[in-house]
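Right, one structure below, let's go through it.
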Amino acid sequence: MIVVFNTLSRKKEQIIPVQDKQIKMYTCGPTVYDYAHIGNFRAYVFEDILHRFLEYAGYHVIRVMNITDVDDKTIAGAVRENLSLNQYTQKYIDGFFQDMESLKLKKATYFPRATQHIPEMVELIKKLLAKGHAYEKAGSIYFRISSFPDYGKLSHYNFEQILSSQTDEDEYEKEQAQDFVLWKGSKDEPFFWETDIGKGRPGWHIECSAMSMKYLGETFDIHTGGIDNIFPHHENEIAQSEAATGKKFVNYWLHCAHLLVNGEKMSKSKGNFYTLRDLLGKGYNPIAIRYLLMTTHYRDPLNFTEKSLRQAENTVSHLQAFYQRVCFALKKPGMENKEIEIFIDSASKGFYDAMSDDLNISAAMSEIFKFISNINDFFEKDMISAMDAKKITKFLKKVNEVIEIIEPDIEELSEDKISLIKEREKARKEKDFKKADEIRSYLSTQGILLEDTKYGTRWIRK
RNA sequence: GGCCAGGUAGCCAAGUGGCAAGGCAGCGGUCUGCAAAAUCGCUAUUCACCGGUUCAAAUCCGGUCCUGGCCUCCA
């Protein structure tokens, strides 16, 4: 049983999919006017862990991540650089996919782009117009929130509160200041579409309703995003979608908390604004960034500092070193050790149980670290045989399908390096430590770290 | 002003009525030719603060302080 915190009810709820063993999930993706920053990636890493854990738990996940390639900022960027909208956004779309690879973010099943789904949005808007949930004013089309009594159910703002809220927008043409735009009419804007509902471009919210329902159906399981999306974006998605279909739009809404940098909101003016590229440029390990972003529970604020990133780098390299140590034992003859299986079962259960409880990753990781500590004890006594090592690597690879912290493919050493290691062992026996140290430091420059144990020398890749 | 989170060791971070997980860093021991790695031990009598309930509170209740977010650009 997997339980998640649903923003709609503000309670933890058991996930029961619309269709047995299949989860349909929508995540708000990037607006491609610039490279994504680590705050954005906190959300994407959270969604990645959710996606991967659902698969680990045996669900078939169908996931959509949209790409917003038309909005005020992308338009402004394209105009500034005198490019077409597609030319301008392509650079950032490519950048986003590169960044996803750096952080080992699993690909969604679909990455629909707003500009390629204008007809679907137009259809949805027509439906809303026909049902009286939308109206046209001066070429633009607005959603009439007074026609949707559930408005506010996700953000838990009450209707009066929303209606009385101040807005400094110059939106006098709307019936009510809080109505939001579905379609922005265009007179002399650089980018527009000619459609049945007029010349213009879509409002921000409509793409997510149109694209999610196209790929996932009118009612689907999970919708995720950052908490700042709760209002107005997700609230508006619910209004548009449920007003159009008369059906419940999404069963589980999951939102992750913000990332702070040195205790403050990240902003360009404060100079604490990091893109993933900035951090990689400083030489940080992308896997450590992934680890740091995922190890604070997704509903708690995460305070990002370079100090904690360096700590994460150490943790990640210890994990990798452990994995390599196990791999090194894959060729070691010896008896099977029954206790190993008990440790695996216990860690496996502990990991699953923790993750099932609203993705409690810290508790889940602590199971893994305790497991490692137990196994290291056996290494100390030289009691890990090939059969044991095989089981351990199998378990670690399975868990790694969720956490993606370990690099599972270890390259074999070349023949000449293996003979160098043998040569060094011989030198050590002959007390020729000068030669032994030379070989060790040479191999170190080749990225090979030697560990002399009382049972012989083993190597790991740095 | 309304709504929502958070405050646990030097740092990061679980735990939400029954002896305070785990990681990083540090110190001491073992191992080692020296290292590295590993390992053992130590590092929070106390969970922002003040009251209350209870046999028992980090956890529940009331209040206070601090930090952050949302309230129509936002992950």
Side-chain angles (χ1 to χ4, degrees), chain A residues 7 10 27-31 33 36-47 71-73 145 152 155-158 160-162 164-169 171 177-181 203-205 224-233 235-236 255-260 263-267 291-292 295-305 307-316 318-319 321-322 324-325 350 354 357 360-370 372-373 375-377 379-381 428-429 431-434 436-437 440-441 444 449-454 458 460:
Chain A
T7 306
R10 287 186 181 162
T27 55
C28 283
T31 302
Y33 69 99
H37 57 69
I38 51 167
N40 301 122
F41 282 111
R42 195 228 173 152
Y44 303 140
V45 168
F46 145 63
E47 289 151 359
D71 80 316
D72 290 350
K73 287 175 186 163
I145 69 164
S155 52
H156 300 92
Y157 294 153
N158 67 48
E160 290 70 38
Q161 189 188 338
I162 291 166
S164 66
S165 68
Q166 293 298 307
T167 174
D168 36 277
E169 267 185 280
E171 298 280 16
Q178 291 74 24
D179 287 347
F180 58 90
V181 68
W204 171 37
H205 315 292
T224 63
I227 46 168
D228 51 341
N229 275 155
I230 295 173
F231 195 88
H233 184 50
E235 195 69 61
N236 290 351
H255 293 97
C256 74
H258 271 236
L259 174 144
L260 305 174
E264 293 182 307
K265 185 172 180 175
M266 194 169 27
S267 74
Y291 180 80
L292 181 60
T295 41
T296 296
H297 185 86
Y298 74 93
R299 285 192 289 116
D300 288 339
L302 187 162
N303 187 16
F304 182 94
T305 61
K307 182 178 178 180
S308 55
L309 183 52
R310 286 189 292 270
Q311 293 184 356
E313 286 194 316
N314 289 335
T315 307
V316 162
H318 288 172
L319 276 166
F322 174 77
Q324 295 196 25
R325 197 174 304 131
D357 181 11
N360 189 342
I361 187 99
S362 302
M365 286 309 293
S366 109
E367 294 293 330
I368 302 305
F369 288 118
K370 279 190 263 188
I372 289 174
S373 176
I375 300 301
N376 271 331
D377 202 28
F379 272 116
E380 271 305 285
K381 296 172 191 145
R428 285 182 71 222
K429 273 186 192 131
K431 309 254 185 240
D432 185 356
F433 298 124
K434 187 166 176 284
D437 289 353
R440 181 168 64 191
S441 62
S444 174
L449 204 64
L450 296 184
E451 298 183 351
D452 297 327
T453 76
K454 54 184 158 179
R458 65 190 172 211
I460 61 171

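All values reported here derive from a predicted model rather than from experimental measurement. Atom set for the values below is all heavy atoms of this structure, side chains included, hydrogens, waters and symmetry mates excluded.
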- Message: Please report the interatomic distance CD1(A:Ile145) to CD(A:Gln178), rounded to the nearest 0.5 Å.
- Response: 5.5 Å
- Message: At less than 4.0 Å, is any side-chain N or O atom of A:Asn314 found next to OP1 or OP2 of B:A25? Yes or no.
- Response: yes
- Item | Check: B:G15 base within 3.5 Å donor-acceptor of A:Asn360 side chain | no
- Query: At under 4.0 Å between heavy atoms, what does A:Asp452 touch on the DNA or RNA strands: base, sugar-phosphate, or nothing?
  - Reply: base
- Query: So A:Tyr298 and A:Phe46, would you call those rings parallel, tilted or perpendicular, with 30° and 60° as cut-offs?
  - Reply: parallel
- Query: Partner of B:C70 by Watson-Crick or G-U wobble geometry, both contacts under 3.5 Å, or none?
  - Reply: B:G2
- Item | Whole-Å P distance, B:A21 and B:U16 | 13 Å
- Can you tell me how far C1' in B:G18 sits from the matching atom in B:U54, rounded to whole Å? 12 Å
- Task: Pick base, sugar-phosphate or nothing for A:Ile230, based on heavy-atom distances below 4.0 Å to the nucleic acid.
- Result: nothing
- Checking N1-N3 plus N6-O4 or O6-N4 for Watson-Crick, or N1-O2 and O6-N3 for wobble, each under 3.5 Å, the partner of B:G28 is B:C40
- Message: Regarding A:Gly263, tell me which of base, sugar-phosphate or nothing describes its non-hydrogen contacts under 4.0 Å with the strands shown.
- Response: sugar-phosphate
- Item | Side chain of A:Thr296 (C-beta onward), nearest among B:U32, B:A37, B:A14 | B:A14
- Task: Among the candidates B:A38, B:G22, B:U72, find the nucleotide nearest to the side-chain atoms of A:Lys370.
- Result: B:G22
- Note on the structure: Regarding the side chain of A:Pro301, the nearest nucleotide among B:A5, B:A37, B:U39 is B:A5
- To the side chain of A:Lys307, which of B:A36, B:G69, B:C11 is closest? B:C11
- Message: The side chain of A:Ser366 is closest to which nucleotide in this list: B:C3, B:C71, B:G22?
- Response: B:G22
Pick out the pairs of N or O atoms, protein on one side and nucleotides 29-31 of chain B on the other, that lie under 3.5 Å.
none

- Do we get A:Arg458 above A:Phe379's six-membered ring, with its NZ or CZ under 6.0 Å from the centre and within 45° of the axis? yes
- Item | Donor/acceptor link under 3.5 angstrom from A:Gln311 side chain onto base of B:C12 | no
- Assign A:Leu259 to base, sugar-phosphate, or nothing according to its heavy-atom contacts below 4.0 angstrom with the strands shown. base
- Task: Look through every strand shown and name the nucleotide pairing with B:U46 as Watson-Crick or G-U wobble, where both distances are under 3.5 Å.
- Result: none
- Close side-chain approach of A:Arg440 to A:Asp452, heavy-atom, < 4.5 Å: yes
- Message: Between A:Leu292 and A:Ser308, is there a side-chain heavy-atom distance shorter than 4.5 Å?
- Response: yes
- Message: I'd like the C1' distance from B:A48 over to B:A56, given in whole Å.
- Response: 23 Å
- Task: Assign A:Ile361 to base, sugar-phosphate, or nothing according to its heavy-atom contacts below 4.0 angstrom with the strands shown.
- Result: nothing
- Message: Please determine whether a side-chain nitrogen or oxygen atom of A:Ser308 lies at a distance below 4.0 Å from atom OP1 or OP2 of B:C11.
- Response: no
- Item | Gap between atoms CG and C1', on A:Leu319 and B:C24 respectively (whole Å) | 12 Å
- Message: The criterion is side chain to side chain donor-acceptor pair (under 3.5 Å); which residues satisfy it with A:His233, sequence neighbours excluded?
- Response: A:His205, A:Glu237
- Message: Distance check, rounded to the nearest 0.5 Å: A:Asn360 atom CG versus A:Ser366 atom OG?
- Response: 9.0 Å
- Is there a donor and acceptor pair closer than 3.5 Å between the side chain of A:Arg440 and the base of B:C34? yes
- Message: Quiz question: going by heavy-atom distance under 3.5 Å, is there a donor-acceptor pair between the base of B:C11 and the side chain of A:Asn303?
- Response: no
- Query: Considering only B:A14, B:G2, B:G69, which nucleotide approaches the side chain of A:Ser362 most closely?
  - Reply: B:A14
- Considering only B:G6, B:G23, B:C71, which nucleotide approaches the side chain of A:Pro232 most closely? B:C71
- How close or far is atom P of B:G15 from atom CZ of A:Arg299, stated in whole angstroms? 9 Å
- Task: Please measure how far the P atom in B:U59 lies from the corresponding atom in B:G2, and state the result in whole Å.
- Result: 26 Å
- Value for CD1 (A:Ile460) from CZ (A:Phe322), rounded to nearest 0.5 Å, stands at 12.0 Å
- Note on the structure: When both distances are under 3.5 Å in a Watson-Crick or G-U wobble arrangement, the nucleotide paired with B:G33 is none
- Taking C-beta and beyond as the side chain, do A:Ile38 and A:Met266 meet within less than 4.5 Å on heavy atoms? yes
- Query: So what does A:Arg458 touch, heavy atoms closer than 4.0 Å: a base, only the sugar-phosphate, or nothing?
  - Reply: nothing
- Query: Taking N and O atoms by type only, does the side chain of A:Lys73 place a donor or acceptor under 3.5 Å from a partner on the base of B:C73?
  - Reply: yes
- Item | Approximate separation, where rounding is to 0.5 Å, of A:Asn236 CG and A:Asp179 CG | 10.0 Å
- Determine which nucleotide pairs with B:A14, using a 3.5 Å limit on both distances of a Watson-Crick or G-U wobble pair. none
- Reckon A:His318 touches a base, only the sugar-phosphate, or nothing at all at heavy-atom distances under 4.0 Å? sugar-phosphate
- Which value, rounded to the nearest 0.5 Å, describes the distance between A:Glu235 atom CD and A:His156 atom NE2? 9.0 Å
- Looking at every strand, decide which applies to A:Lys431 at a 4.0 Å heavy-atom threshold: base, sugar-phosphate, or nothing. nothing
- Message: My understanding is that a pair needs two contacts under 3.5 Å, Watson-Crick or G-U wobble. By that rule, which nucleotide pairs with B:U53?
- Response: none
- Message: Can you identify which nucleotide, out of B:U72, B:C3, B:A5, has its nearest atom closest to the A:Phe180 side chain?
- Response: B:U72
- Task: Determine if A:Phe433 stacks with B:G33; use a centre-to-centre distance below 5.5 Å and an interplanar angle below 30° as the criteria.
- Result: yes
- Item | Interatomic distance at P, B:C27 relative to B:C60, whole Å | 39 Å
- When you get a sec, tell me which of B:U39, B:C24, B:C3 is the closest nucleotide to the side chain of A:Arg10? B:C3
- Query: Under a 3.5 Å cut-off for both distances, is B:C65 Watson-Crick or wobble paired, and to whom?
  - Reply: B:G7
- Query: What interatomic distance, in whole Å, is found between C1' of B:A20 and the corresponding atom of B:C47?
  - Reply: 8 Å
- Is the closest side-chain heavy-atom distance between A:Phe433 and A:Lys431 below 4.5 Å? yes
- Task: Report which part of the nucleic acid A:Asp300 touches: base, sugar-phosphate, or nothing (heavy-atom distance under 4.0 Å, all strands).
- Result: sugar-phosphate
- Heavy atoms under 4.0 Å, any strand shown: does A:His297 hit a base, just sugar-phosphate, or nothing? sugar-phosphate
- Query: Expressed in whole Å, how much space separates the P atoms belonging to B:C65 and B:C49?
  - Reply: 15 Å
- Quick note, A:Asp437 side chain, CB onward, closest among B:C34, B:C4, B:A21 is B:C34
- Query: Expressed in whole Å, how much space separates the P atoms belonging to B:U39 and B:U53?
  - Reply: 48 Å
